[in-house]
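Right, one structure below, let's go through it.
Chain A is the first sequence line, chain B the second, and so forth, proteins listed ahead of strands; every chain is numbered from 1.
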2 protein chains.
Amino acid sequence: MASLSQSEENYLKEIFHLTQLQKEKVSTNSLASRLNTKASSITDMLQKLAEKQLVQYIKYKGCSLTENGEKIAVQIIRKHRLWETFLVNKLNFGWDEVHEVAEELEHIDSVKLVDSLDQFLNYPKFDPHGDPIPDKNGKIPYRKTKMKLVDAGIHKKLEIVRVNEDEMGLLKYLERQNLQLGTKLEIIEKFSFDDSMLVRTELDTTINLSKKVTENISVKIVEN
Amino acid sequence: MASLSQSEENYLKEIFHLTQLQKEKVSTNSLASRLNTKASSITDMLQKLAEKQLVQYIKYKGCSLTENGEKIAVQIIRKHRLWETFLVNKLNFGWDEVHEVAEELEHIDSVKLVDSLDQFLNYPKFDPHGDPIPDKNGKIPYRKTKMKLVDAGIHKKLEIVRVNEDEMGLLKYLERQNLQLGTKLEIIEKFSFDDSMLVRTELDTTINLSKKVTENISVKIVEN
DNA sequence: GTAAATTTTTAGTCTTGTCTAAAAAAATAG
DNA sequence: CTATTTTTTTAGACAAGACTAAAAATTTAC
Ligand SMILES: [Mn+2]
Ligand SMILES: [Mn+2]
Ligand SMILES: [Mn+2]
Ligand SMILES: [Mn+2]
């Protein structure tokens with residue numbers, strides 16, 4: 001089990017994420033754009049990872065993770081999300097400040113460290129953005145009932161359970177609007193001409209949210 | 001201020017440590033043995049670091065840190081020792097388990113992270129081995145009164161304030177003997193034929209310590 | 001003060017991960 | 001179904017950081 005380079009780990013992680021989004025095999029170009037590299041670099045690396053039995057790769061057909069590759073990817077995601085939780089819960093980072101540092105911390109290689117951190121944080125199930133934190137065995141506590149705000153029905157009592165941390169600028173925007181995980185809200189009206197919606201929060205403030213926003217927030221129904 | 005590679009940071013740190021030990025310029029070979037590389041690799045890197053104005057390097061004459069190089073080295077040491085403190089104080093690592101992980105954590109690049117960690121730990125002055133932790137501004141809280149146990153006088157009340165974490169196996173040995181930072185002891189007798197000594201600890205247990213041990217423990221005098 | 005031993009540097013290679021440019025395969029359009 | 005466009009792969013290059021072997025400088029020994 002020779003340990004992997006940061007680069008290799010990032011590739012595995014990204015293949016995992018892309019596989020979640022669309023069920024098909026992951027294309028060279030999609031990886032290239034997520035990893036900010038050129039397609040040729042992706043091809044090189046995929047060949048290496050295939051060699052190491054971490055991905056299945058068929059020329060021109062894209063790739064997917066092997067069982068082993070997925071196991072490793074999940075552990076990196078576990079570390080990433082635990083560190084983000086640590087930074088927010090213990091070191092008082094804002095939720096928009098943690099991702100970059102977690103990108104570095106996730107590569108620290110020590111099982112004892114990760115497990116101790118997990119315990120120290122009291123075995124959190126979700127990170128500061130509401131993403132599930134895989135446990136020691138790689139089990140991911142997906143939320144069963146969760147939908148994008150854009151798809152939620154009108155006049156139901158909703159609670160924000162997840163925000164898309166990848167969406168550049170969203171976190172800061174939500175902070176400014178006083179919207180956070182756990183915030184309860186209700187859709188008052190949906191405007192079809194620009195797909196924005198008017199929502200009312202607990203404090204009786206009403207805000208208009210654009211499609212861009214409501215597509216990147218997930219909620220659960222609290223009551224109806 | 002382009003950020004440095006892990007390798008470059010390790011070189012700077014090691015040059016700093018070696019400069020502390022012996023006042024002269026640091027030799028290529030001494031660096032090679034500390035960094036587990038070959039002398040030729042050292043030469044290559046010194047040329048690069050000299051280029052970047054981080055070390056002063058004169059062919060065949062050894063090197064030393066520039067002001068800027070030292071500043072960076074000290075900040076890495078700060079990070080190393082803060083992380084070690086975190087691991088012991090918050091995650092319940094043993095003092096013999098932290099160094100390796102800290103070697104990785106010390107390269108995480110985020111001033112906010114380091115300073116928050118420092119605050120979270122309550123601005124510790126010393127790490128789990130009794131080594132001083134540089135502050136945000138690079139000031140190092142050296143202990144004024146401290147001597148190697150091997151050099152301490154007989155029948156004085158002493159307290160362990162520092163152990164040499166580099167000495168392979170020492171930490172585990174001391175743990176086994178129930179000797180830790182803060183342990184009070186008194187030298188009962190010194191044996192010149194093998195330079196060992198008999199010490200009595202607070203709990204009235206007496207232990208014979210070899211020269212190898214007493215050279216790598218530092219104490220302060222509590223009373224005489 | 002010269003010869004031998006040691007230390008340090010140089011020259012040349014290798015691996016990793018990236019890039020650009022060109023070639024090849026696959027997808028799309030008419 | 002063929003031609004064009006797009007995607008992917010290959011070929012060749014480069015920088016970082018390490019290594020080995022050989023050359024050069026320095027130190028030590030007599
Ligand atoms: Mn993140
Ligand atoms: Mn997250
Ligand atoms: Mn250490
Ligand atoms: Mn230490």
Measure [atom1]/[X] against [atom2]/[N] and give the value in whole Å, please.
X	N	atom1	atom2	result
B:Leu4	D:dA15	CG	P	19 Å
B:Asp44	C:dA11	CG	P	11 Å
A:Met45	C:dC19	CE	C1'	14 Å
B:Glu51	D:dA16	CD	C1'	15 Å
A:Glu24	D:dT7	CD	C1'	15 Å

message: Would you say NZ of A:Lys38 has more than 12 non-hydrogen atoms from neighbouring residues, nucleotides or ligands within 6.0 angstrom?
response: no

field: Members of residues 6-21 of chain A that approach DNA chain C, where some heavy atom sits under 4.0 Å away
entry: A:Ser7, A:Tyr11

message: So if I define the base as every atom that isn't primed, P, OP1 or OP2, how would nucleotides 4-9 of chain C read as a B/S/- string at a heavy-atom cutoff under 4.0 Å?
response: ---SBB

task: Applying ring-ring contact (aromatic ring centres under 6.0 Å, His included), name anything that partners A:Phe86, two or more places apart in sequence or on another chain.
output: A:Trp83, B:Phe86

- request: Scan for ring pair (Phe, Tyr, Trp, His ring centres under 6.0 Å) pairs involving residues 50-81 of chain A, sequence neighbours excluded, and state none if there are none.
  value: A:His80-A:His99

query: Do NZ/NE/NH1/NH2 and the carboxylate oxygens of A:Asp131 and A:Arg162 come within less than 4.0 Å?
result: yes

query: Any sub-3.5 Å donor-acceptor pair from B:Asp194's side-chain atoms to B:Ser196's backbone N or O?
result: yes

message: Is it the case that the side chain of B:Arg81 and the backbone of B:Pro132 share a donor-acceptor pair, with hydrogens and angles ignored and the cut-off at 3.5 Å?
response: yes

Cut-off 3.5 Å, no hydrogens considered: what does the side-chain donor-acceptor table look like for residues 145-154 of chain B, sequence neighbours left out?
none

message: Taking salt bridge (charged side-chain N to carboxylate O under 4.0 Å, His left out) as the cut-off, I'd like each qualifying pair that reaches into residues 50-63 of chain B, sequence neighbours left out, listed once.
response: B:Glu8-B:Lys52

